[in-house]
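Letters A, B, ... mirror the listed sequences (proteins, then strands); counts begin at 1. Values below: all heavy atoms of this structure, side chains included; hydrogens, waters and symmetry mates excluded.
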Amino acid sequence: MSDEQLSHSMLKKLAQTPDYFAWYLWQYQQNENLSHSDVANFLHASSEQMEALSMCKVPDSQQPHFPKQLKAVADFAGVNHFPLAMLIRKVEAARALQRESTTTVTSIMAAREKDNSSQESSKKDECTDEQ
Amino acid sequence: MKKNQTWTNEELIDKLVQHDATALRCLYEVHAKDLLNYFILRYNSLSKEEISDAITDALIKLVDNPAAFKPGSSSLKTYLIRDIKGDILNTLAKIQRAKKKLSVVELSDDDGNIKEESTNEVKDLELKVQNFLAKILDNERDIQLAWMMEIDRERATSEFVRVLQKTQLPPAEQKAEVKKHKDRIKKRLNRNGWEDFLKKLKQNV
């Protein structure tokens, strides 16, 4: 049984670290507007199992061994690996969408700036021609 | 995971070296509570939270860089105790530096205990600094970064990386990100009279 303060300190730190399940569980909770116990119910996990899972690293979903590695972590923590796989996919999809929308906004702003500066330089040319 | 499951030193080292996804949890299960008890007994001027943070940092650091531990030289527990002790001594030194910077003069009584009124004085000064930073910086994260830079005099890039949530970047990019944010915050502090604010604070103490 872990000391509460110690556990709190560890989970708080890991919730800021994208390598760990603590981060993924927190992101899922935020994205889906759920409470911590809602997420635990989704994974059919007790609080002790959630704590154990939170301290495990998330396997790389792009690697071929991902299903085997995920099952190993799920078995270690004592949780069901099917909803866990779904949770990982949802969080990664949301993260990819966020990156894409940031890139789109940056591209639009860059295009606008380029547009404005070319309009300004053509106005300057007109003034010079008139003179 | 079975209840009360434990792992030998060799099994833990193997998990670390293999970058096993469960390494941190296993290390935590085997060593964390003993480490907490060890340090609480020996460093009672620090809070349980500060000691827990130091233990957490050491465990995560070891999992991130298992090559730092040489199996022949000591046991995992001894290595962790040494690492955490170093961290705790740095924290105690930072606290002393922060108190000097905020010009708190007399802190302890004859028995070496922090006087209650001095503790309140430090808290009052810390609140003034927090309020100043909150006025000139946009968010909690920047306030935390400014505190680390100017009050804690934090040198470790890894600490800033953690606050910025950039651990997934390669080391060179992490360094660049940290520099970018530190430069930005430093400019903001200079533009808003940070040095003058500190001078006034010292004069009023």
Side-chain angles (χ1 to χ4, degrees), chain A residues 1-24 26-27 30 45-63 65-79 81 84 88 91-92 95-96 98-99, chain B residues 1-5 7 15-16 18-40 46-66 84 87 140-141 144 158-169 174:
Chain A
M1 192 69 128
S2 64
D3 181 272
E4 256 184 54
Q5 178 63 66
L6 203 43
S7 166
H8 173 77
S9 174
M10 178 65 83
L11 295 177
K12 192 173 91 171
K13 195 137 269 184
L14 294 180
Q16 298 170 24
T17 315
D19 298 340
Y20 287 88
F21 270 106
W23 188 89
Y24 273 69
W26 174 241
Q27 292 299 312
Q30 296 290 291
S46 66
S47 56
E48 206 179 318
Q49 288 165 336
M50 287 290 279
E51 188 189 277
L53 178 66
S54 295
M55 294 188 200
C56 293
K57 279 197 174 178
V58 180
D60 186 347
S61 59
Q62 303 304 309
Q63 294 300 316
H65 298 302
F66 170 72
K68 187 178 169 191
Q69 287 171 345
L70 182 64
K71 187 154 189 317
V73 171
D75 289 346
F76 171 84
V79 305
H81 70 280
L84 194 58
I88 290 172
V91 168
E92 288 181 351
R95 188 153 63 152
Q98 197 177 34
R99 273 201 209 116
Chain B
M1 199 183 78
K2 293 170 197 157
K3 269 195 171 181
N4 301 321
Q5 187 172 1
W7 295 267
K15 280 186 181 283
L16 286 168
Q18 301 294 329
H19 298 281
D20 187 298
T22 64
L24 179 63
R25 176 61 180 183
C26 298
L27 256 185
Y28 178 92
E29 277 286 300
V30 173
H31 290 303
K33 194 145 186 216
D34 284 348
L35 291 169
L36 184 68
N37 292 337
Y38 178 96
F39 284 101
I40 279 176
L46 289 179
S47 66
K48 207 175 179 189
E49 186 183 351
E50 281 162 329
I51 292 174
S52 297
D53 284 348
I55 293 170
T56 291
D57 286 345
L59 293 176
I60 293 173
K61 206 165 69 175
L62 179 57
V63 169
D64 285 347
N65 184 21
I84 295 164
D87 219 10
E140 281 297 327
R141 186 198 65 183
Q144 190 181 353
S158 56
E159 291 304 309
F160 290 96
V161 167
R162 218 178 287 284
V163 171
L164 289 166
Q165 296 186 40
K166 299 287 180 190
T167 52
Q168 73 280 15
L169 295 177
Q174 282 180 3

- So which of B:E49, B:H19, B:Q168, B:K166 has the biggest tally of heavy-atom pairs under 4.5 Å with chain A? B:E49
- Message: Determine whether B:I60 and A:M10 satisfy the following criterion, side chain to side chain contact (heavy atoms under 4.5 Å, CB included), listing intermediate values before the conclusion.
- Response: CA-CA 9 Å; B:I60 293 173; A:M10 178 65 83; 4.0 Å; yes
- Message: So for atom CD, which belongs to A:Q98, do other residues, nucleotides or ligands contribute more than 12 heavy atoms lying within a distance under 6.0 Å?
- Response: no
- Query: Is any side-chain heavy atom of A:K12 less than 4.5 Å from a side-chain heavy atom of B:T56?
  - Reply: no
- Query: Does A:S47 have any side chain to side chain donor-acceptor pair (under 3.5 Å) partners at least two apart in sequence or in another chain, and if so, which?
  - Reply: none
- Task: Provide the closest heavy-atom pair for B:R25 versus A:E51 in the form atom of the first, atom of the second, distance.
- Result: NH1-OE2, 2.8 Å
- Atom NE2 in A:H8, atom NZ in B:K48: separation rounded to 0.5 Å? 12.5 Å
- Value for OG (A:S9) from CD (B:E50), rounded to nearest 0.5 Å, stands at 11.0 Å
- Item | Partner chain A: residue of B:L59, B:D20, B:D53 with the largest heavy-atom pair count (under 4.5 Å) | B:D53
- On a heavy-atom basis, the closest approach of B:Y28 and A:D3 is OH-O, 4.0 Å
- Query: How would you list, by chain and number, every residue that makes a side-chain contact (heavy atoms from CB on, under 4.5 Å) with B:Y38, sequence neighbours excluded?
  - Reply: B:R42, B:I81, B:K85
- Identify the heavy atoms of B:L24 and A:M55 that sit nearest to each other, and give their distance. CB-O, 3.6 Å
- Task: Could you walk me through whether A:Q5 and B:L36 pass the side chain to side chain contact (heavy atoms under 4.5 Å, CB included) test, one step at a time?
- Result: CA-CA 10 Å; A:Q5 178 63 66; B:L36 184 68; 5.8 Å; no
- Query: Is the number of heavy atoms from other residues, nucleotides or ligands within 6.0 Å of CH2 (A:W26) greater than 12?
  - Reply: no
- Note on the structure: On a heavy-atom basis, the closest approach of B:D57 and A:K13 is OD1-NZ, 2.6 Å
- Note on the structure: For A:P18 and B:T167 the tightest heavy-atom approach is CD-OG1, 3.6 Å
- Message: With a 4.5 angstrom heavy-atom cut-off, is it the side chain or the backbone of A:Y20 that approaches chain B, or both, or neither?
- Response: side chain
- Note: vs chain B, highest number of non-hydrogen pairs under 4.5 angstrom among A:D19, A:L14, A:L53 is A:L14
